[in-house]
**Student:** 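Shown below is the structure under consideration.
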Amino acid sequence: MHFKGIRQPLALLLKNSPLMSRLTLYDIAHTPKVAADLSHIETGATVKGYLGPEQLPDCLKGCDVVVIPAGVPRKPGMTRDDLFNTNASIVATLSAACAQHCPEAMICIISNPVNSTIPIATEVFKKHGVYNPSKIFGVMTLDVVRANTFIAELKGLDPARVNVPVIGGHAGKTIIPLISQCTPKVDLPQAQLTAITGQIQEASTEVVKAKAGAGSATLSVAYTRAQFVFSLVDVMNGKEGVVERSFVKSQEADCAYFSTPLLLGEKGIEKNLGIGKISPFGEMIAEAIPELKASIKKEEEFMKNMK
Ligand code: LMR
């Protein structure tokens with residue numbers, strides 16, 4: 001069974017939005033069935049399913065935004081990094097197709113390990129001579145959404161009004177929630193701060209455990225990825241002042257890719273808003289950097305072997 005996991009709920013959320021004009025679904029099976037089903041929803045977006053590599057070019061041509069959730073999910077006991085061997089080549093293949101058939105599109109990558117797949121997509125786009133650092137995003141708003149939800153639960157707040165900045169990467173210790181910069185301001189004793197930081201960093205593993213071999217988070221991932229796509233479409237339609245967090249090529253930390261708040265514009269990243277005041281978090285960043293560098297290095301080895 002294909003076109004499952006994140007893909008179906010994501011396609012439903014996108015089709016449900018009045019912002020979308022055209023939705024093209026790609027997989028190696030089932031996309032025409034899903035497209036037929038979705039196409040009855042009374043919103044403006046047309047929906048078409050494309051099957052197999054020979055239909056991938058037509059699926060991509062004319063797309064403004066591409067979301068890549070392809071790959072295998074984790075099973076209990078696995079880290080995101082354990083998915084590298086399978087997912088790296090899937091992301092490389094799909095990125096190459098995007099570079100050839102929709103080089104101007106915004107590329108949103110969900111496939112794990114995000115800390116390595118963004119560098120891979122970057123290098124593939126470079127190889128095709130169409131790289132634009134403002135348009136390749138490792139989508140990790142889920143870490144922000146989880147942090148907002150957990151803090152709101154702990155403090156009895158409305159989660160919709162809580163905003164915890166999360167920077168770094170998208171795996172374990174590389175996920176850095178800046179709880180003292182949360183709005184509204186929340187005061188937590190050190191023990192609670194440590195516990196909730198760990199809860200945010202390991203939230204995905206909780207879902208993997210709960211699914212007991214049936215995969216990782218799908219619905220919450222689809223929700224956050226749809227929100228990210230809506231932000232991109234909003235700015236392409238001229239909306240100003242839209243800020244999202246994403247793992248991107250960056251000069252904000254001592255490693256080549258890092259997630260920080262980004263001001264989006266119609267051409268992608270308009271301005272990297274940087275790390276901000278980090279004094280109590282220096283240690284967490286220092287801990288994250290070697291792990292991020294190792295994930296980025298894996299891309300270099302993978303690309304060397306691809307030649
Ligand atoms: C998540 O954050 O839940 C996803 O990246 C999936 C995973 O395996 O962690």
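One-based numbering, in listed order, for ligands and for the atoms of each. For reference, positions follow the sequence shown, starting with 1. Computed from a predicted structure; not experimentally measured.
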**Student:** Under a single-linkage definition using a 4.5 Å side-chain heavy-atom cutoff for Ile, Leu, Val, Met, Phe, Trp and Tyr, are Leu83 and Phe247 assigned to the same hydrophobic cluster?
**Tutor:** no

**Student:** Sequence neighbours excluded, which residues qualify as ring pair (Phe, Tyr, Trp, His ring centres under 6.0 Å) partners of Phe228?
**Tutor:** Phe137

**Student:** If the criterion is any heavy atom closer than 4.0 Å to an atom of ligand 1, which residues make the list?
**Tutor:** Arg74, Arg80, Asn112, Leu142, Arg146, His170, Ser204, Ser216, Ala217

**Student:** Testing Ser204, Ser111, Ser216, Ser295 one by one against Arg80 for a side-chain hydrogen bond (donor to acceptor under 3.5 Å, both in side chains), which residue passes?
**Tutor:** Ser204

**Student:** Can you confirm whether the side chains of Glu244 and Ser231 place a donor and an acceptor under 3.5 Å from each other?
**Tutor:** yes

**Student:** Whether the side chain of Asp143 engages the backbone of Val166 through a donor-acceptor N/O pair (distance < 3.5 Å, no angle test) should be reported.
**Tutor:** no

**Student:** Establish whether Val235 and Leu19 are linked, either directly or via other cluster members, by ILVMFWY side-chain heavy-atom contacts under 4.5 Å.
**Tutor:** yes

